[in-house]
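One structure is given here, and the rest of the page talks about it.
Numbers here simply count residues along the sequence, with the first being 1. Side chains included, hydrogens not; waters and symmetry mates left out as well; all remaining heavy atoms used. Predicted model, so just to flag it, every value in this text is computed and none were measured.
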Amino acid sequence: VKRVVAAILIFCTVAFAAAMSIEAVRGAVWQAIVRWYDTYIAVAFEDADADAVSVPKTIRTKREPTDVPDSWVKEVSVDSQSLYRVVYTEKGEKMLIYKQQPLENQVWANNVESTVSETTVGDQTATLVVLKDTKHYTLYWSDGKYNYVLQAVSDEITPALMVQIAASVK
């Protein structure tokens, strides 16, 4: 089994090297990479003052919004060490998705079909992404330990309401 795996790895390496030696293939691969990075932006938060010990690599404390409408029903859809995800619904319809992740994770947003602006959540800088076709909003922010994301999936949610809900994350 080890010899078969080694042979496959050697074959793949040689095939990749041979393909990349052809200028047209190399150019096409490079263009695909550049096109992807031109289309998406990374939203990453770093705390320059935090040392590696104080920033958790897993979710130790789950936080969630406390200021959501009483008519919304909360459903925890993912509860792991690397992602805490809550979906809020009203009358069976999704309204809002909330995510908490360790600070080291990045999130990607399509910047071709959206507009990106900065706002604040409490005393933290946040990034608001508005999808042009649906007019839905996604809000990204961090408290220095965790990344947070609020994603509106209802037309009833405004950026002001999202910031208000985000500020209530405790």
Handout entry: Pairs involving residues 83-103, ordered by first then second residue, that meet salt bridge (Lys or Arg N to Asp or Glu O under 4.0 Å) (sequence neighbours left out)
Key = none
Handout entry: Trp72 and Thr89, any side-chain heavy atoms less than 4.5 Å apart
Key = no
Practice task
Flag the pair Tyr148 / Tyr98 as yes when at least one side-chain heavy-atom distance between them is below 4.5 Å, and no otherwise.
Solution key: yes
Practice task
Check whether any side-chain heavy atom of Tyr88 sits under 4.5 Å from a side-chain heavy atom of Pro65, and report yes or no.
Solution key: yes
Exercise for the section: Keeping the roles fixed (side chain from Thr158, backbone from Leu161), state whether a donor-acceptor pair exists under 3.5 Å. Expected result: yes
Practice task
With sequence neighbours left out, write down each residue that passes salt bridge (charged side-chain N to carboxylate O under 4.0 Å, His left out) with Asp79, or none if nothing qualifies.
Solution key: Lys62
Handout entry: Minimal non-hydrogen separation, Leu103 against Gly144, with atom names
Key = CD2-O, 3.3 Å
Practice task
Please name all residues satisfying side chain to side chain contact (heavy atoms under 4.5 Å, CB included) with Ile10, sequence neighbours left out, ordered by chain then number.
Solution key: Val14
Fill in the blank from the handout: Contacts of Tyr137 meeting side chain to side chain donor-acceptor pair (under 3.5 Å) (sequence neighbours excluded), chain-then-number -> none
Exercise for the section: Say whether, by atom type as modelled, one donor and one acceptor occur between the side chain of Gln164 and the main chain of Pro159 under 3.5 angstrom. Expected result: no
Fill in the blank from the handout: Applied to residues 148-170, the salt bridge (Lys or Arg N to Asp or Glu O under 4.0 Å) test, sequence neighbours excluded, yields none
Practice task
Hey, could you give me the CG/OG distance between Leu128 and Ser117, rounded to the nearest 0.5 Å?
Solution key: 4.5 Å
Problem - Flag side-chain contact, heavy atom, 4.5 Å: Tyr84 against Tyr146 - result: no
Exercise for the section: Identify whether Val73 and Val68 are in the same connected component of the hydrophobic contact network (ILVMFWY, side-chain heavy atoms under 4.5 Å). Expected result: no
Exercise for the section: Without swapping roles, check the side chain of Thr66 against the backbone of Ser168 for a donor-acceptor pair under 3.5 Å. Expected result: yes
Handout entry: Minimum-distance pair of heavy atoms, taken over all atoms of Pro102 and Ser82
Key = CD-O, 3.2 Å
Practice task
Please report the closest heavy-atom contact between Asp143 and Lys145, naming both atoms and the distance.
Solution key: OD1-N, 2.9 Å
Completion exercise
Between Thr120 and Val163 the two heavy atoms that sit nearest each other are O-CG1, 3.4 Å
Exercise for the section: For residues Glu118 and Thr125, determine if any side-chain heavy atom of one lies less than 4.5 Å from a side-chain heavy atom of the other. Expected result: yes
Practice task
State the CD1-CD1 distance between Ile157 and Ile165, to the nearest 0.5 angstrom.
Solution key: 6.0 Å
Practice task
Answer whether the closest heavy-atom distance between the side chains of Trp141 and Val169 falls below 4.5 Å.
Solution key: yes
Handout entry: Which atom of Val86 lies closest to which atom of Lys74, heavy atoms considered
Key = CG1-CG, 3.3 Å
Completion exercise
Using a 4.5 Å side-chain heavy-atom cut-off and chaining through intermediate ILVMFWY residues, the residues clustered with Val87 come out as Ile97, Val153
Completion exercise
In terms of heavy-atom contacts, Leu96 and Leu150 come closest through CD2-CD2, 3.6 Å
Handout entry: pair Val116-Thr127: side-chain heavy atoms closer than 4.5 Å
Key = yes
Practice task
Could you tell me whether the side chain of Leu139 reaches within less than 4.5 Å of the side chain of Thr119, counting heavy atoms only?
Solution key: yes
